[in-house]
Student: 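Before I ask anything, let me first share the structure, which is written out below as structure tokens.
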Amino acid sequence: MKRCDQTHAWAALQGHFEAHGRELDLREAFARDSGRFEAFSVQAPEVFADLSKNLIDIASLKFLLSLAEECELPARRDAMLRGEIANPTEGRAVLHTALRAPPGAGPFSAEVHSVLNAMLDFAERVRGDTGPGGFTDVVHIGIGGSDLGPQMVVPALQSCTEARQRLHFVSNVDGHDISEVLKTLDARKTLFIIASKTFTTQETLANARAARDWFFAQGGTDTERHFVAATSNVAAAAGFGISTTFGFWDWVGGRYSLWSAIGLPIAVAIGAPAFREFLAGAHAMDRHFAQAPLAQNLPVLLGLLDLWYRNFHGFRSRSVAPYHQGLKRLPAYLQQLEMESNGKRVDLAGELLPFATSPVVWGEPGTNGQHAYFQMLHQGSDVVPVEFIAVKQPAHPLAEQHRMLLANCLAQSQALMLGKTAAQALAERAPTAGTDFDPQVLAMHRSFPGNRPSTTLVLEALTPRSLGALIALYEHRVYTSGALWGINSFDQWGVELGKALCNALLPRLSSGDTEGLDGSTAGLLRRLHG
Ligand code: F6P
């Protein structure tokens, strides 16, 4: 299997980039080709994608698709979906797709559906018990992949479902996080979900202990009823005193685990039928990824674009702009999904890579981002491809505000592409010009380079099904770029060193012992200990 830079297509892309790609002008491309929008847009399950405002042409796309073929992307994808070891540094299969396959389809179907049914039954019981003895509040305690998925999905689906309980998420080891939540709760009416794949994570265990201590201090006794766990380490959960446990398996990576028992708070918030819809949407995208020809395969196309921008154009980051308030945590979720997966600099053979991998992924919901950092996107010195997400149907009755939202979304991608020359700026009347400021100079300040790329993803409505499809789209896109880069997208050794050093420093924060530490850490520890 070849790495992207060892292919003929890579060399062809380099030649094409130097000859045409670097200079491609989107305004000219649209002027030349009235069918550009149709040629560069794709309808995948639940998600329409306009790729036409990206810096690609037919030739670059052709070479990128050849690159995917030469790297044997389809064969590698199929091997992963079959359950072969796709995470070799941890010796594991990668089968989050099995979690959303219908009964009887996909590997481990019997185990998957048995836990799923048990979890959904439990969620329905929690939802259904709204009497005086029922739960009014559910606190989900977890971090990273055991937090970001549910924390993103629950608010996203709030407006189209009926949550019966208040959902709270606690992740940070910073005691402010859990303290603020506990203040608002009644122990007799609170359910705690302790979510940790390993059940060894420092932050989660510290918060779980704090929750249990608080529960006892409030006079609670029935931990069996008030504490449940989602984990693949059932023994450790039992050791903590939790007897109701929903398990999952080592072939579910942490940042791919919201489809498993880690999704319990989602099921409590939206109910079993909607959770099944959520899985069905993801499964539809899985089938698209597995079956659509590469040229119409949306996750593959987005992964190829990521490589094109990172390795040829040299763009260092990508901004995500969801034009739906419900998706406010999507950028944070994608930061883990993309950067923990593809933030690697060594290939599968242990070779240092001679090219760049994961971009920095960041963003905020539109229109808030417009009034913060869009200045830089439009006029800054770096080009940052932007990914807009528009949702056609709102889940609120404020139709005019929704039109404003969509107009803003369209205007931003239009402005990034069209830009404005100094001559155009000069021809306009400057609204804030000081009388003695040179109009030519002012026009420079008011000009926009344009030709800045963006993708727009469109959902008909934000529903459990469409959100499931959208998340699966991102998962497979990350897989695509990671596979072409020749890295293992499914391990995360980069988080281990800091954890080990933290464990070694923890006792020193009480003792104040700085023996053998580097000068800076010793100096800081002296300031902080005690
Ligand atoms: O941050 C590293 C990490 O291992 C993530 O990959 C994972 O999602 C998170 O910690 C939480 O781990 P656990 O579910 O085992 O508590």
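Side-chain atoms are counted along with the backbone in the values below, which use heavy atoms only and exclude waters and symmetry mates. In listed order, ligands and their atoms are each counted from 1.
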Student: Which option, R255, E496, Q492, E340, owns the non-hydrogen atom nearest atom 1 (O) of ligand 1?
Tutor: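 Of the listed residues, E340 has the closest heavy atom.
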
Student: Under a 4.0 Å threshold between the charged nitrogen and the carboxylate oxygen, would R477 count as salt-bridged to E387?
Tutor: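 Salt bridge flag = yes for R477 with E387.
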
Student: If I apply the N/O under 3.5 Å rule, does G254 come out as touching ligand 1?
Tutor: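 The answer is no, given that G254 and ligand 1 share no N or O pair closer than 3.5 Å.
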
Student: Which residues pass the side chain to side chain donor-acceptor pair (under 3.5 Å) test with E277, sequence neighbours left out?
Tutor: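 Testing E277 for side chain to side chain donor-acceptor pair (under 3.5 Å), a comparison that skips the adjacent residues, returns R465.
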
Student: Aromatic rings Y256 and H96: how do their planes relate, parallel, tilted or perpendicular, breaks at 30° and 60°?
Tutor: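 Plane angle under 30°, so parallel.
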
Student: For atom 4 (O) of ligand 1, which protein heavy atom lies nearest, and how many Å away is it?
Tutor: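 Going by distance alone, atom 4 (O) of ligand 1 is nearest to K499 NZ, 3.9 Å.
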
Student: Using a 4.0 Å cut-off to any heavy atom of Q336, which atoms of ligand 1 qualify?
Tutor: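 Once the distances to Q336 are compared, the set is 5 (C), 6 (O), 8 (O).
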
Student: So is T204 polar-close to ligand 1, meaning N/O to N/O under 3.5 Å?
Tutor: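 N/O-N/O distance under 3.5 Å: no.
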
Student: Are P385 and T455 packed together at the side-chain level, in the sense that at least one heavy-atom pair is separated by less than 4.5 angstrom?
Tutor: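 Contact flag for P385/T455 side chains = no.
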
Student: For V495, which part has a heavy atom under 4.0 Å from ligand 1: side chain, backbone, both, or neither?
Tutor: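 The answer is the side chain.
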
Student: Hey, could you give me each pair passing side-chain hydrogen bond (donor to acceptor under 3.5 Å, both in side chains) that has a residue in residues 147-168? Not counting sequence neighbours.
Tutor: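 As it turns out, the side-chain hydrogen bond (donor to acceptor under 3.5 Å, both in side chains) pairs with a partner in residues 147-168, which skip direct neighbours, are D137-R166, D137-H168, D147-Q151, Q151-R329.
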
Student: Indicate, with yes or no, if the rings of F215 and H226 have centres closer together than 6.0 Å.
Tutor: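 Here the rings of H226 and F215 have centres that are less than 6.0 Å from each other.
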
Student: I'd like to check which ligand 1 atoms, numbered from 1 as shown, lie under 4.0 Å from a non-hydrogen atom of T201.
Tutor: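 Result: 12 (O), 13 (P), 15 (O), 16 (O).
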
Student: For atom 7 (C) of ligand 1, grab the closest protein heavy atom and report residue, atom and distance to one decimal in Å.
Tutor: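 For atom 7 (C) of ligand 1, the nearest protein heavy atom is G145 N, 3.8 Å.
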
Student: Run the numbers for me: atoms of ligand 1, each under 4.0 Å from some heavy atom of G144, listed by number.
Tutor: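 Those of ligand 1 that fall under 4.0 Å from G144 are 8 (O).
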
Student: Which residue and atom name correspond to the protein heavy atom nearest atom 11 (C) of ligand 1, and how close is it?
Tutor: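 That would be I143 O, 3.2 Å.
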
